Amino acid sequence: MATNRTFTMLKPDATAAGNTGKIIDRIIEAGFSIKAMKWTQLSKAEAESFYSVHSERPFYGELVEYMTSGPIVAIILEKDDAVASFRELIGATNPADAAPGTIRADFAESISANAVHGSDSDENAAIEGRFYFSEREEA
Ligand code: UDP
Ligand code: MG
């Protein structure tokens, strides 16, 4: 995956609240284009694997339980400087700290149920995108 790509998931709080369309609109309006997208659900083993980098953190168990509590939308996105640009669009992890107008400020329920995931590096964007999509599924 090229370095102008990033990966996002619209999390279970966003799908449950019916916010997926609104969030995708925000993402497209911010200049990202969709390269692959699917509505799916994580098993416990898949969520543990996806978030294995956090396995020693105190919130890991709660995070895995939350991420398996409902459907998610997995999306590969493209834009110049995609990783940093997308992190700016979504705002801080804790919605209480997220800048006004960011997706988390407007849609997140809590630090755990915070509406969207955003990759933190080009390397992780590629790994996370490939977790959900094969090479031929990327448009
Ligand atoms: N998270 C949590 N409690 C915390 C920190 C993080 O439940 O104290 C959850 C939250 O859903 C977050 C995810 O774990 O999005 C991954 O954490 P990270 O620090 O990577 O935040 P992000 O990169 O998503 O902003
Ligand atoms: Mg992170």
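These numbers come from a predicted model, not from an experiment. Each ligand, and each atom within it, is numbered from 1 in the order the structure gives.
- When K38, K35, R5 are each tested for a salt bridge (charged side-chain N to carboxylate O under 4.0 Å, His left out) with E138, only one passes: R5.
- Proximity of L63 to ligand 1 is established by a heavy-atom distance of less than 4.0 Å.
- The closest protein non-hydrogen atom to atom 4 (C) of ligand 1 is F59 CD2, 3.4 Å.
- Judged by distance alone, with hydrogens and angles left aside, the side-chain atoms of S85 form no donor-acceptor pair with the main-chain N or O of A82 at under 3.5 Å.
- Distance from atom 10 (C) of ligand 1 to its nearest protein heavy atom, with residue and atom name: I111 O, 3.2 Å.
- The closest approach between any non-hydrogen atom of M67 and ligand 1 is not below 4.0 Å.
- How far CG of D122 is from CG of N4: 8.5 Å, rounded to the nearest 0.5 Å.
- In R104, the part holding a heavy atom less than 4.0 Å from any atom of ligand 1 is the side chain.
- The protein atom (non-hydrogen) at minimum distance from atom 11 (O) of ligand 1 is S112 O, 2.8 Å.
- For H54, a nitrogen or oxygen atom sits less than 3.5 Å from a nitrogen or oxygen atom of ligand 1, counting backbone and side chain alike.
- Of the heavy atoms in K11, only side-chain atoms (C-beta onward) come closer than 4.0 Å to ligand 1.
- At a heavy-atom cutoff of 4.0 Å, ligand 1 is contacted by both the backbone and the side chain of T93.
- For the pair T8/I23, no side-chain contact is recorded, criterion being any heavy-atom separation below 4.5 Å from C-beta on.
- Contact check on D106 versus R26 returns a salt bridge, with a Lys/Arg side-chain nitrogen under 4.0 Å from an Asp/Glu carboxylate oxygen.
- Ring-plane geometry between Y132 and F7 is classed as parallel, the angle between the planes falling under 30 degrees on a 0 to 90 degree scale with a further cut at 60.
- Under a 4.0 Å criterion applied to the non-hydrogen atoms of R87, ligand 1 contributes the atoms 22 (P), 23 (O), 25 (O).
- Near N114, meaning under 4.0 Å from any of its heavy atoms, are these atoms of ligand 1: 10 (C), 11 (O), 12 (C), 15 (O).
- A36 and E137 get closest at one heavy-atom pair: CB-O, 3.5 Å.
- Without hydrogens or angle criteria, Q41 side chain to T68 main chain gives a donor-acceptor distance under 3.5 Å.
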